[in-house]
Student: 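One structure is given below, represented as structure tokens, and several questions about it will come after.
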Amino acid sequence: MKTHLNTLYITTQGAYLGRQGEAVVVRCGKQTLGHLPLHNLAGIVCFGRVGCSPALLGACAEKGVAVSLLTERGRFLASVRGFTSGNVLLRRAQYKIADDPGVVLDVSRRIVMAKVANSRSVLLRTARDCDADDPRGAPLDSAAGRLGASIHELRQADAVNKVRGLEGEAATHYFGAFDALLSPVPDRDAFRFVRRSRRPPLDPINALISFLYTLLLHDARSACESVGLDPAVGFLHADRPGKPSLALDLIEEVRAFLADRLAFSLINRRQVAAGGFVVRDNGAVEMDDGTRKVVLAAYQQRKRDTITHPVLDEATTVGMLLHLQAALMARWIRGDIDAYPPFLWKG
């Protein structure tokens, strides 16, 4: 049984990670910042100018600890992983069914329906907490109604491009009500959501959710590798060199439940503030070091929260969700179960 392990996030610029026996040692200059046993780690994520010794990278590859390299602001650059632990038969089966248009349509439809349903649950959860005279209630209810209609249309979709089109329409409805998820905090205007912007994010809320999506993607890649799946061969997301399509498929189900809710919780609880974001010359909005550390700590803490998995009906941690969904995906590909069951949050 796989257990939920920690992820080590290194944000200190100029830090260097080395190996000391069966542990990773973090140093910056002559100062030792940390000393952690490798067997307690599921991954290491390095932001910016962080170096790693070849001995440590080799030990991580051997022990299945994924090492991801990101820019200082959170853009994914590369990862270091060991040999694939899964058997070749699983990957052959994955490649075969990924070429079957009927299978691609079925699993894509399931993933998008779960994504839309979970997004709808996030909106309804906040709407239930609104007072009768709270102006946020109406747009939340209205968007949730439209997402309900999208789910019905998805059931009838007969082509994967139709599924992708409906996904885009649902995202428009969801993000149209996104601003209403924000409580009337003092610096609400600074976090006002107008539209989704990426590469670069153009306001604090987009910078926040983009950063959290990057962390999710790191975890999803690791989950795919841990069960022997190829993270580059997906269903909803088309193949492209260097694109982790299956990992992107998996995070669709948990974006709203895990990343979006956490982003708004951080703002609504005033754990992050408008002053923790900076605007670059090109208009890009980025978190400062202090805010980034707060977000990383909150993300790690959120992964320790317990839930009951709706399919397995077992208590687990939020951090294990992607691993469980990857395992279910592998079981479906092997033919152990009839269909892939996506994660549905009972909000």
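Not measured: the values here are computed from a predicted model. Throughout, residue positions are numbered sequentially from 1 according to the sequence presented.
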Student: Whether the side chain of Arg331 engages the backbone of Asp336 through a donor-acceptor N/O pair (distance < 3.5 Å, no angle test) should be reported.
Tutor: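 Checking the backbone N and O of Asp336 against the side chain of Arg331, no donor-acceptor pair under 3.5 Å is found.
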Student: For a quick test of reading the model, state the closest non-hydrogen atom pair linking Val285 to Pro204 and the distance between them.
Tutor: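 In this case the closest contact between Val285 and Pro204 is CG1-N, 3.7 Å.
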Student: Given side chains that start at C-beta, do those of Leu229 and Met329 come closer than 4.5 Å, heavy atoms only?
Tutor: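 Yes - at least one pair of side-chain heavy atoms lies under 4.5 Å apart.
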Student: Listed by chain and number, what are the salt bridge (Lys or Arg N to Asp or Glu O under 4.0 Å) partners of Arg261, not counting sequence neighbours?
Tutor: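 Once residues adjacent in sequence are excluded, Arg261 has no partner under the salt bridge (Lys or Arg N to Asp or Glu O under 4.0 Å) criterion.
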Student: Among pairs that include at least one residue of residues 268-287, which meet ring-ring contact (aromatic ring centres under 6.0 Å, His included), considering only residues two or more places apart or in two chains?
Tutor: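 Residue pairs passing ring-ring contact (aromatic ring centres under 6.0 Å, His included), neighbours aside: Phe191-Phe277.
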Student: Assigning hydrophobic clusters by single linkage (Ile, Leu, Val, Met, Phe, Trp, Tyr; side-chain heavy-atom cutoff under 4.5 Å), is Val112 placed with Ile97?
Tutor: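 Yes; tracing contacts between hydrophobic side chains, which count when under 4.5 Å, links both residues.
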Student: Would you indicate whether the side-chain heavy atoms of Trp332 and Val103 approach each other to under 4.5 Å?
Tutor: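 They are in contact (side-chain heavy atoms under 4.5 Å apart), so the answer is yes.
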Student: Could you please spell out the steps behind the side-chain hydrogen bond (donor to acceptor under 3.5 Å, both in side chains) verdict for Asp288 and Thr291?
Tutor: CA-CA 5 Å; Asp288 63 18; Thr291 300; 2.9 Å; yes
Student: Would you say Arg334 and Leu90 make side-chain contact, with heavy atoms under 4.5 Å?
Tutor: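 Result yes, sub-4.5 Å side-chain heavy-atom pair found.
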Student: Can Trp345 be reached from Ile307 by stepping across I, L, V, M, F, W or Y side chains whose heavy atoms are under 4.5 Å apart?
Tutor: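 Same hydrophobic cluster.
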Student: Got Leu216 and Val254 here, is their nearest side-chain heavy-atom distance under 4.5 Å?
Tutor: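 Answer yes - side chains close enough.
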Student: For Arg192, I'd like to know if atom CZ has over 12 heavy atoms of other residues, nucleotides or ligands within 6.0 Å.
Tutor: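 Counting other residues, nucleotides and ligands, CZ of Arg192 exceeds 12 neighbours.
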Student: Taking Arg221 for its side chain and Pro244 for its backbone only, find out whether a donor-acceptor pair lies under 3.5 Å.
Tutor: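 Such a contact is absent between Arg221 side chain and Pro244 backbone.
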Student: Could you go through the side-chain contact (heavy atoms from CB on, under 4.5 Å) check for Leu202 and Arg195 one step at a time?
Tutor: CA-CA 9 Å; Leu202 300 175; Arg195 63 183 176 84; 3.6 Å; yes
Student: Once rounded to the nearest 0.5 Å, what's the spacing between atom CD of Glu225 and atom CG of Leu246?
Tutor: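 Output value for this atom pair is 10.0 Å.
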Student: Would you give the length of the straight line joining atom OG of Ser142 to atom CG of Leu147, rounded to the nearest 0.5 angstrom?
Tutor: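 One gets 9.5 Å once the value is rounded to the nearest 0.5 Å.
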Student: What distance do Asn268 atom CG and Arg270 atom CZ have between them, rounded to the nearest 0.5 Å?
Tutor: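 These two atoms lie 9.5 Å from each other.
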Student: For atom CG of Asp305, is the number of surrounding heavy atoms from other residues, nucleotides or ligands below 6.0 Å larger than 12?
Tutor: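 Yes, CG of Asp305 has more than 12 neighbouring heavy atoms, counting only those of other groups under 6.0 Å.
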Student: According to the salt bridge (Lys or Arg N to Asp or Glu O under 4.0 Å) rule, which pairs have a member within residues 135-151, sequence neighbours left out?
Tutor: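 Listed once each, the pairs are Asp134-Arg136.
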Student: Checking Phe193 now: which residues fulfil side-chain contact (heavy atoms from CB on, under 4.5 Å) with it, not counting sequence neighbours?
Tutor: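 Only Phe175, Phe178, Asp179, Arg196, Ile205, Asn206 meet the side-chain contact (heavy atoms from CB on, under 4.5 Å) criterion with Phe193.
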Student: Should Tyr174 and Val122 count as side-chain neighbours, where that means a heavy-atom distance under 4.5 Å?
Tutor: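 A side-chain contact exists here, since the closest heavy-atom pair is under 4.5 Å.
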Student: Does one side chain, of Ser68 or His218, offer a donor that lies under 3.5 Å from an acceptor on the other?
Tutor: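 Short answer, yes.
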Student: Judged by atom type as modelled, is there a donor-acceptor pair below 3.5 Å linking the side chain of Ser53 to the main-chain atoms of Leu56?
Tutor: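 Confirmed, Ser53 side chain pairs with Leu56 backbone.
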Student: Show every side chain to side chain donor-acceptor pair (under 3.5 Å) that has at least one partner inside residues 152-163, sequence neighbours left out.
Tutor: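 Listed by first then second residue: Asn161-Arg164.
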Student: Tell me whether Ile337 is reachable from Tyr340 by hopping between hydrophobic residues (I, L, V, M, F, W, Y) whose side-chain heavy atoms are closer than 4.5 Å.
Tutor: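 In one cluster: yes.
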Student: Kindly indicate whether the side chain of Val45, heavy atoms from C-beta on, has any atom under 4.5 Å from the side chain of Leu296.
Tutor: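 Not in contact.
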Student: Would you mind reporting whether Asn118 and Leu344 have side-chain heavy atoms less than 4.5 Å apart?
Tutor: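 Yes, at least one pair of side-chain atoms sits under 4.5 Å.
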Student: Verify the cluster assignment for Val227 and Leu312: are they in a single hydrophobic cluster under the rule of side-chain heavy atoms below 4.5 Å apart?
Tutor: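 Looking at the clustering, Leu312 is in the same group as Val227.
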Student: Side-chain donor-acceptor pair under 3.5 Å between His39 and Glu22, yes or no?
Tutor: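 Their side chains do not contain a donor-acceptor pair, so the 3.5 Å distance test is not met.
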Student: Provide the closest heavy-atom pair for Ala157 versus Leu105 in the form atom of the first, atom of the second, distance.
Tutor: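 Residues Ala157 and Leu105, closest heavy atoms: O-CD1, 4.1 Å.
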Student: Would the distance check show the side chain of Glu253 and the main-chain N or O of Pro342 forming a donor-acceptor pair, the cut-off being under 3.5 Å?
Tutor: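 Side chain of Glu253 to backbone of Pro342, a donor-acceptor pair under 3.5 Å: no, none is there.
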Student: Of all residues at least two apart in sequence or in a different chain, which pass the ring pair (Phe, Tyr, Trp, His ring centres under 6.0 Å) check with Tyr213?
Tutor: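 In terms of ring pair (Phe, Tyr, Trp, His ring centres under 6.0 Å), with neighbours along the sequence ignored, Tyr213 is linked to no residue.
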Student: Rounded to the nearest 0.5 Å, how far apart are CG of Leu17 and CD1 of Ile10?
Tutor: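 The CG atom of Leu17 sits 5.0 Å away from the CD1 atom of Ile10.
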Student: Let me see the working for Leu33 and Val25 under side-chain contact (heavy atoms from CB on, under 4.5 Å), right down to the final yes or no.
Tutor: CA-CA 8 Å; Leu33 303 179; Val25 180; over 6 Å; no
Student: Mind checking whether Leu321 and Phe257 have side chains closer than 4.5 Å, heavy atoms only?
Tutor: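 Yes, their side chains come closer than 4.5 Å.
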Student: Applying side-chain hydrogen bond (donor to acceptor under 3.5 Å, both in side chains), can you list everything that pairs with Arg110, at least two apart in sequence or on another chain?
Tutor: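 For Arg110, the residues satisfying side-chain hydrogen bond (donor to acceptor under 3.5 Å, both in side chains) (neighbours in sequence not counted) are Asp106.
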Student: With sequence neighbours left out, which residue pairs that include part of residues 33-52 fulfil the salt bridge (Lys or Arg N to Asp or Glu O under 4.0 Å) condition?
Tutor: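 Output for this query is empty, none listed.
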Student: What's the separation between atom OG1 in Thr11 and atom CE in Met287, rounded to the nearest 0.5 Å?
Tutor: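 Rounded to the nearest 0.5 Å, the OG1-CE separation comes to 11.0 Å.
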Student: By side-chain hydrogen bond (donor to acceptor under 3.5 Å, both in side chains), which residues pair with Ser119, not counting sequence neighbours?
Tutor: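 Ser119 satisfies side-chain hydrogen bond (donor to acceptor under 3.5 Å, both in side chains) with no other residue.
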Student: Grab the two heavy atoms, one from Ala326 and one from Ala223, that are nearest each other, plus how far apart they are.
Tutor: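 Smallest interatomic distance, heavy atoms only, reads CB-O, 3.6 Å.
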Student: Which atom pairs, donor and acceptor, lie under 3.5 Å between side-chain atoms of residues 233-242 and protein residues at least two apart or in another chain?
Tutor:
unit_1, atom_1, unit_2, atom_2, d
His237, ND1, Asp249, OD1, 2.6
His237, NE2, Glu252, OE2, 3.3

Student: Identify whether Tyr16 and Ile44 are in the same connected component of the hydrophobic contact network (ILVMFWY, side-chain heavy atoms under 4.5 Å).
Tutor: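 No, no single cluster joins them.
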Student: For Tyr299 together with Phe211, are the ring centres under 6.0 Å from each other?
Tutor: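 No: the rings miss the under 6.0 Å criterion.
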Student: Could you tell me whether a side-chain N or O of Asp100 sits under 3.5 Å from a main-chain N or O of Gly102, the two making a donor and an acceptor?
Tutor: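 Here the side-chain-to-backbone pair exists.
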Student: Taking only residues two or more places apart in sequence, or in another chain, which ones meet Asn282 in a side-chain hydrogen bond (donor to acceptor under 3.5 Å, both in side chains)?
Tutor: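 Scan of Asn282 (side-chain hydrogen bond (donor to acceptor under 3.5 Å, both in side chains), adjacent residues dropped) gives none.
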Student: Of all heavy-atom pairs between Leu140 and Ala177, which one has the smallest distance, and what is that distance?
Tutor: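 In this case the closest contact between Leu140 and Ala177 is CD2-O, 3.8 Å.
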Student: Output all residues satisfying side-chain hydrogen bond (donor to acceptor under 3.5 Å, both in side chains) with Glu167, sequence neighbours left out; order by chain, then residue number.
Tutor: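 Applying side-chain hydrogen bond (donor to acceptor under 3.5 Å, both in side chains) to Glu167 gives Lys115.
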Student: Test your reading of the model: is there a side-chain donor-acceptor pair from Arg19 to the backbone of Gly21, 3.5 Å cut-off?
Tutor: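 Checking the backbone N and O of Gly21 against the side chain of Arg19, a donor-acceptor pair under 3.5 Å is found.
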Student: When rounded to the nearest 0.5 angstrom, what is the spacing between CD in Glu169 and CG in Leu154?
Tutor: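 It comes to 9.0 Å.
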Student: Before you tell me yes or no, could you show the steps for Thr316 and Thr306 under side-chain contact (heavy atoms from CB on, under 4.5 Å), namely the whole-Å CA-CA distance, both residues' side-chain angles and the distance that decides it to 0.1 Å?
Tutor: CA-CA 5 Å; Thr316 185; Thr306 58; over 6 Å; no
Student: Tell me whether Gln325 contacts the main-chain N or O of Pro341 through its side chain, where contact means a donor paired with an acceptor under 3.5 Å.
Tutor: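 Yes.
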Student: Closest approach of Ala144 and Leu124, non-hydrogen atoms and distance?
Tutor: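 Closest approach of Ala144 to Leu124: CB-CD2, 3.5 Å.
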Student: Looking only at non-hydrogen atoms, find the nearest pair between Ser210 and Arg198 and report the distance.
Tutor: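 So the minimum-distance heavy-atom pair works out to OG-CG, 4.3 Å.
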